[in-house]
There are 2 protein chains.
Amino acid sequence: MTWGTPRPERADAARNRQLLLASARELLAEVGPECLTMDLLAERSGLGKGTVFRRFGSRAGIFQALLDDAERDLQQQVLSGPPPLGPGAPPVDRIVAYGTARVRFLAEHHAVARATLDGRHAAGRRRPLSEIHLRVLLREVDLPGADIEVLAGQLAYALDGPLLLRLFAGPELAGPEPTARFEAGWRDLVERVCGVSGV
Amino acid sequence: MTWGTPRPERADAARNRQLLLASARELLAEVGPECLTMDLLAERSGLGKGTVFRRFGSRAGIFQALLDDAERDLQQQVLSGPPPLGPGAPPVDRIVAYGTARVRFLAEHHAVARATLDGRHAAGRRRPLSEIHLRVLLREVDLPGADIEVLAGQLAYALDGPLLLRLFAGPELAGPEPTARFEAGWRDLVERVCGVSGV
DNA sequence: AGCGTAAGCGGGGTAAAGTCCGTTTGGTCG
DNA sequence: CGACCAAACGGACTTTACCCCGCTTACGCT
């Protein structure tokens, strides 16, 4: 036994995965994301509820799986498609191209992507504090050609919750070391964006 | 009657708000975030479950309120504290100082901040795709002194879900206009970060 | 003070997420 | 071909966020 790959997927499991994804897509079109329940999906696909949970882990997992499935195409483009999205172009061009592609991807699948975030009744999330403050300050900096609204949002999210929390949550890293690293990273990012040249 | 302010808060409501926040903090320390249920909080504070929901709207709302409460102090520092966090310093310095303060704030309150994100068993969220791809490409760009790991995370989040979804979700803006704006914003951000000078 | 009313309160009810464990089945090895 | 086992399945059960609506209470007005 070589343990490089943990185990191949069983045939019935693979079949059911496809069945579940197909049923989920149907239901999504019929009743919309917020009415798609685990029970409903189980019934529609003719499988047990336990099976649905085994596959997806949670309600949000369904949408994640759906999105991953749609994203596979984008991944292929990135790995072996034509430049600048695929290999062969200068890295900066590829980064720009990737962002463009991803924005379009999310715009196209925004309903599913939204449902991924779980909070099914959270409706309007709030993150205005950092963003507003940054917007005000950025206006005072001379940044010709920049879209301040968008830039403020980008920086706010670069700074905010998910990134930090993910690392903090990981292998118990709430200590001083990653904190210092984020602080340095933030300083570096801001100085690059604002065009501070020197030492 | 002047209708500028919708209505002042009733006295008992204010008292109960404080009581609930205090009870929530106690329970948080005793049983941890994931065991803090709405029923438990209601019982501990001697109020009805309906009241708890009226106050906070949802489970996540509790943690949001707790975090907002703690953040009020930071807000004060920003609005009227000493520079560089408060007014009086050059904007870039203030931006850097704000980021530093916020990183420390989140590091200190990471348990609560984490619980804010609702998905109580979501555990490890996945966002490796964009991040890994960006990391690889950024390494090919000459960026002296940059922490590529951190930078890749920052850019990935600047690009990713929450920002887009928030605007898409808002006043129904999935159309082409904001998409184009995000694409342009991304190009601008990347070029600033990577030090592309010219036209 | 007495009254009207709108906001706040209570807690039982509901639906849906997530868990458990006994049963079934696909795959492999003798 | 038959036995064995780990993985997959099913669906009843538990937990808990969230809703609903009749009751209570604080505040403004006369």
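Reminder, nothing fancy here: chain letters follow the sequence lines and each chain counts from 1. Side-chain atoms are counted along with the backbone in the values below, which use heavy atoms only and exclude waters and symmetry mates.
Residues meeting the salt bridge (Lys or Arg N to Asp or Glu O under 4.0 Å) test with B/Asp39, sequence neighbours left out: B/Lys49. With sequence neighbours left out, B/Phe53 forms a ring-ring contact (aromatic ring centres under 6.0 Å, His included) with no residue at all.
Separating the CE atom of A/Met38 from the P atom of D/dT14 is a distance of 20 Å, rounded to the nearest angstrom. What separates CG of B/Leu36 from P of D/dT15 is a distance of 17 Å, to the nearest Å. Atom CZ in B/Phe63 sits about 9 Å away from atom P in D/dA17, given to the nearest Å. Rounded to an integer number of Å, the gap from B/Arg59 CZ to C/dG18 C1' is 14 Å. Taking atom CG of residue A/Leu40 and atom P of nucleotide C/dG18, one finds them 16 Å apart after rounding to whole Å. Distance A/Glu43 CD to D/dG10 C1': 14 Å, rounded to the nearest Å. Separating the CD atom of B/Glu34 from the P atom of C/dG18 is a distance of 15 Å, rounded to the nearest angstrom. Atom CD1 in A/Ile62 sits roughly 9 Å away from atom P in C/dG18 (whole-Å rounding).
Against DNA chain C, the stretch residues 9-19 of chain A makes heavy-atom approaches under 4.0 Å through A/Arg10, A/Ala11, A/Asp12. Near-neighbour residues of DNA chain C inside residues 46-56 of chain A, defined by a heavy atom below 4.0 Å, number-ordered: A/Lys49, A/Phe53.
Separating the CD atom in B/Gln77 from the CG atom in B/Asp73 is a distance of 5.5 Å, to the nearest 0.5 Å.
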**Item:** side chain to side chain contact (heavy atoms under 4.5 Å, CB included) assessment of B/Phe56 paired with B/Leu21
**Value:** CA-CA 10 Å; B/Phe56 299 120; B/Leu21 284 175; 4.3 Å; yes
**Request:** Check the pair B/Arg72 / B/Asp69 against side chain to side chain contact (heavy atoms under 4.5 Å, CB included), numbers first and verdict last.
**Result:** CA-CA 5 Å; B/Arg72 223 177 301 282; B/Asp69 195 57; 3.5 Å; yes
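When the shell of 6.0 Å around CZ of B/Arg55 is examined, it contains more than 12 heavy atoms from other residues, nucleotides or ligands.
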Scan the side chains in residues 40-47 of chain A for donor-acceptor partners under 3.5 Å anywhere in the protein, sequence neighbours excluded, and list what turns up.
| residue | atom | partner | partner atom | Å |
| --- | --- | --- | --- | --- |
| A/Arg44 | NH1 | A/Glu26 | OE1 | 2.7 |
| A/Arg44 | NH1 | A/Glu30 | OE2 | 3.3 |
| A/Arg44 | NH2 | A/Glu30 | OE1 | 2.9 |
| A/Arg44 | NH2 | A/Glu30 | OE2 | 3.4 |
| A/Ser45 | OG | A/Leu41 | O | 2.7 |
| A/Ser45 | OG | A/Ala42 | O | 3.3 |

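Applying the side chain to side chain donor-acceptor pair (under 3.5 Å) rule to pairs touching residues 83-101 of chain B yields A/Ser130-B/Tyr98, sequence neighbours excluded.
Side-chain contact between A/Arg104 and B/Glu183: present, with at least one pair of heavy atoms (C-beta onward) separated by less than 4.5 Å.
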